[in-house]
Amino acid sequence: MEKVSFDAKLFEKELKKAIKTLLSDEVKELQVWCYDKFGKTYKQVIEKCFNRIRRKMIGLSA
């Protein structure tokens, strides 16, 4: 993520890819790390990506 943090679209693309490949506990750790590391710059992108995964998880459990 650090290597692509210079570009918002690339950051979002790589974050989505990372979320898809991780286990749920790892996704939670990634979320905390992203907010700590990039929250000031990409807060909206981070929220968008993690809200999307939450909606998918809720849809699967219904």
Subject >> Any pair counted as side chain to side chain donor-acceptor pair (under 3.5 Å), so long as it reaches residues 28-44, sequence neighbours left out >> reply: E2-K37
Original post:
How would you list all residue pairs meeting side chain to side chain donor-acceptor pair (under 3.5 Å) that involve residues 5-15, not counting sequence neighbours?
Top reply: E12-K16, E12-K48, E14-K17
**OP:** Check L22 against L30 and note the closest heavy-atom contact, atom names and distance.
**Re:** CD1-CD2, 3.8 Å
**OP:** Report the distance from atom SG of C49 to atom CZ of F11, rounding to the nearest 0.5 Å.
**Re:** 7.5 Å
